[in-house]
Amino acid sequence: MFDQSSRRRKSLKAVNSLSRSAVTILCVVVVNFVLMQMLPGDAAEVLAAESGSGSASTVIQLRQHFGLDRSVLEQFFAYLSNLAQLSLGVSPRFNLPVTELILSRLGNTLLLLLSAMGIALSSGVIAGVVMAANVGRWPDRLLSLLALLLYSVPAFWLGLMAIVFFAVKLEWLPTGGIVTVSQNNQGWDAALDICWHLVLPCLTLASFYVAIFARLTRSAMLEISQQDFVRTARAKGAGPLRVLLVHMLRNALVPVSTVAGMHFGALMGGALVIEVVFSWPGMGQLAMDSVMARDYSVVLGILLLASVLVIIANGLVDALHAWLDPRIAQD
Amino acid sequence: MQTTRSISSESSTWQTGRLILTNPTGLLGSTLLLLMAGAALLASYLYPGDPQSMVAGPLEWPGNDPAEWLGTDVLGRSLGAGLCHGARISLAVGIAAALLSVGIGTLVGALGGFYGGRLDTALGRVTEVFQTMPTFLFVIVMVAIGKPSISTIVISIGLASWPVIARLVRAEFRRLKEADFVASARLQGYSDLRIIAQEILPNALAPVIVTASVLVASAILTESALAFLGMGDPNQVSWGSMIGEGREFLASEWYLCALPGGAIVLTVLGLNLLGDALNDALNPRLRDRP
């Protein structure tokens, strides 16, 4: 009986949060459409200019063809129905469907993002635990200083300096790109080659977030260390390491994962610059190429997809919270 | 009652200032920021004329030429002049964008937190939408749509980064509107506007000030990344644009990127140190901790 009602409450909560996400996505779509309407010149003018036959009558014909002469509301519903079919239009510059263009770069960006997030979370949490366990002593002071420094360095500049040091002077790592073009590797060699190219961009992108997660884990651990259940765990004879890792860290991971979800969008913005610095062929580089070519449909498509990714990341964080702290799922 | 409050708030400002300057973190942060502000203010005195004009031979390493001791770039432009004039752009963009964010965020957060109900739900939705769109991508789209100028950049960064403040102010207002002093202000028949602006807001300001210093830092980082990508104001020298132009000669003339990057690091570090010190000084719960 109790179990059934709690299950119903859970599924109601899931439906609630799904509908919230749907509304948020719809709002992002509206913002996207408004931004598109604010663009200087419409697609007809761009296309006419590209084809070189920019007479007034061709522009009018093109407008009719693309439905740009219809009312804003009609255009909005046309945009929505296109979106429902996962179509974001055609890029005049590449002459390819925008969705296809973006999806072809998505894998590379996700590889960079997820590996950077993984490194930032793991090393940040470890550093934070070490700092909290040694609070006020030299490991805490040293790591705090390091975190503050990493927190203040622009990632793209750190990337450039890493290229100078590790790629140019020491020649340990490649300066950029995702594969060694001259080698034409297959199978494991190709995978290893990609990993080799991933090292510098991934560490550079992670640097800022290592600092964030380290500072946050430290303060969360310190706050938790004063709570009753920690004293209880010590009193019943749990060893210091067990109290630190099992009792305290599990609870500290709730705020840490919340912040990780909140920063996922910022991480994507950071990836854009890092992709340009390291010539990493991902969505960020595509976005910058499109901005420079004034090919806005691609940029807006990337903004939309990135927002969807942020919502997915936050959904995953919610699921993680329910697992870390079952009380959260009950609320 | 009015006078006692203004006196006590003045003395607490002094106390906060003293707490910051006696704290090594706050002292170092303030020193770094004063240095940068000095460079920005003295830019036209130290390096009169256009920082984009040629003053010496190209690609002089720092220390080679005593007149241009910070070196020159590929067009013979002075790096020292670029750094000083760039300090103006970075600080101006950082402060203006942060002020805009604080303004929008305070308005949205105060209204939502004070009135609650449907208005709060609606404003919360808007906040969530702006938080969902990746800030930097949103800024890039807005700068690409407008023309790349300092004012477009300030407005774009300000419009993209207010949700942090809105959430903070909303939480403070929800907490404080139940407080006794607000109830007594209501009994005295004060208007909503007066309660919001004169009673609750001054008490909600401490965390906003701390976050604002972090917002200035992140606006400076955003502006430098934009300029690095070639989307800055083409008529102004900025630290980011200097790094972007120096990137072509990265392998041999790396000082072209290293120096402006170092200036960004020192400025942002100064702001973050100051933010930490402000947090210690304004957050009484943590003040007495070892």
Side-chain angles (χ1 to χ4, degrees), chain A residues 20-21 23-25 27-28 30-32 35-36 38-40 135-136 148-149 151-158 160-161 163-165 167-169 175 208 222 262 264-270 272-273 276-277 284 287-288 290-292 294 296 299-300 302-304 306-311 314, chain B residues 25 32 125-126 128-147 160 163-164 214 217-218 220-222 224-226 228-231 239-240 243-244 246-247 250-252 254-255 257-258 260-262 264-273 276 286 289-290:
Chain A
R20 264 179 88 92
S21 307
V23 172
T24 307
I25 294 200
C27 293
V28 173
V30 173
V31 171
N32 242 298
L35 286 171
M36 215 181 289
M38 280 165 60
L39 290 176
V135 66
L148 199 65
L149 210 60
Y151 192 58
S152 309
V153 175
F156 69 90
W157 180 74
L158 193 65
L160 291 173
M161 294 299 112
I163 290 177
V164 171
F165 193 69
V168 177
K169 302 279 181 219
T175 54
F208 182 77
L222 287 181
M262 274 166 57
F264 192 73
L267 190 72
M268 253 188 289
L272 187 150
V273 195
V276 172
V277 168
M288 279 323 290
S290 316
V291 165
M292 291 304 162
R294 308 193 88 67
Y296 296 108
V299 192
L300 287 170
I302 290 177
L303 182 63
L304 188 60
S307 310
V308 173
L309 287 178
V310 168
I311 289 177
N314 282 314
Chain B
T25 315
L32 284 173
R125 255 307 130 64
V126 176
E128 204 174 313
V129 171
F130 275 85
Q131 239 176 357
T132 302
M133 290 187 293
T135 311
F136 191 61
L137 263 175
F138 188 50
V139 170
I140 282 188
V141 170
M142 281 196 288
V143 173
I145 289 175
K147 57 177 193 295
V164 190
V214 179
S218 77
I220 288 178
L221 288 176
T222 308
S224 71
L226 270 180
F228 167 74
L229 292 171
M231 297 186 72
W239 292 337
I243 299 177
R247 191 184 163 205
L250 187 64
S252 47
W254 51 266
Y255 69 93
C257 293
I264 300 175
V265 174
L266 291 182
T267 312
V268 175
L269 185 66
L271 283 162
N272 287 331
L273 289 169
D276 279 2
L286 293 172
R289 262 198 203 167

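Side chains included, hydrogens not; waters and symmetry mates left out as well; all remaining heavy atoms used. From a predicted model like this one, the values you see are computed outputs, not experimental measurements. In what follows, chains are A, B, ... by sequence order, proteins preceding strands, each numbered from 1.
- Looking only at heavy-atom pairs under 4.5 Å with chain A, the residue among B:Thr267, B:Val143, B:Thr222, B:Val268 that has the most is B:Val268.
- Residue contact with chain A, scored on non-hydrogen atoms closer than 4.5 Å, is absent for B:Ile220.
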What's the verdict on side-chain contact (heavy atoms from CB on, under 4.5 Å) for A:Leu148 and B:Asp276, showing C-alpha distance, side-chain angles and the deciding distance? CA-CA 10 Å; A:Leu148 199 65; B:Asp276 279 2; 3.8 Å; yes

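- Listed here is the closest heavy atom pair of A:Leu160 and B:Cys257: CD1-SG, 4.2 Å.
- The only option from A:Ile302, A:Leu303, A:Val31 that meets the side-chain contact (heavy atoms from CB on, under 4.5 Å) definition with B:Val141 turns out to be A:Leu303.
- Comparing B:Ala258, B:Ala225, B:Gly270 by heavy-atom pairs within less than 4.5 Å of chain A, the highest count is held by B:Ala258.
- Across B:Arg247 and A:Val276, no two heavy atoms sit closer than the pair NH2-O, 3.0 Å.
- With a threshold of 4.5 angstrom between heavy atoms, A:Leu272 approaches chain B through side-chain atoms but not through N, CA, C or O.
- Using a 4.5 Å cut-off between heavy atoms, B:Ala217 does not touch chain A at all.
- In this structure, chain B has a heavy atom under 4.5 Å from the side chain of A:Val291, while its backbone stays farther away.
- At a 4.5 Å heavy-atom cutoff, the contact between A:Phe156 and chain B is made by side-chain atoms alone.
- When heavy atoms are compared at a cutoff of 4.5 Å, A:Leu267 does not approach chain B at all.
- The CZ atom of A:Arg20 sits 4.5 Å away from the CD atom of B:Glu128 when rounded to the nearest 0.5 Å.
- Nearest heavy-atom pair, B:Val265 versus A:Pro154, reported as atom, atom and distance to 0.1 Å: CG2-CD, 3.9 Å.
- Both the backbone and the side chain of A:Val277 come within less than 4.5 Å of a heavy atom of chain B.
- More than 12 non-hydrogen atoms from other residues, nucleotides or ligands lie less than 6.0 angstrom from CZ of B:Arg125.
- Residue B:Ile264 holds its CD1 atom at 8.5 Å from CH2 of A:Trp157, rounded to the nearest 0.5 Å.
- Only the side chain of B:Val214 comes within less than 4.5 Å of a heavy atom of chain A; its backbone N, CA, C and O stay farther away.
- Per-residue counts of heavy-atom pairs under 4.5 Å with chain B were compared for A:Met288, A:Met268, A:Met292; the largest is that of A:Met288.
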Give the intermediate values and the outcome of side-chain contact (heavy atoms from CB on, under 4.5 Å) for residues B:Phe138 and A:Val28. CA-CA 11 Å; B:Phe138 188 50; A:Val28 173; over 6 Å; no

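- How far OG of A:Ser152 is from CG of B:Leu266: 9.5 Å, rounded to the nearest 0.5 Å.
- Rounding to the nearest 0.5 Å places CG of A:Leu300 at 10.0 Å from CG of B:Leu137.
- Residue contact with chain B, scored on non-hydrogen atoms closer than 4.5 Å, involves the side chain of A:Ile163 exclusively.
- For the atom pair CE (B:Met133) and CG (A:Asn32), the distance works out to 8.0 Å, reported to the nearest 0.5 Å.
- In this structure, B:Pro134 and A:Ala306 approach most closely via the heavy-atom pair CG-CB, 3.6 Å.
- In terms of heavy-atom proximity, B:Ile145 sits nearest to A:Leu35 at CD1-O, 3.5 Å.
- Atom CG in B:Leu221 sits 9.5 Å away from atom OH in A:Tyr151 (nearest 0.5 Å).
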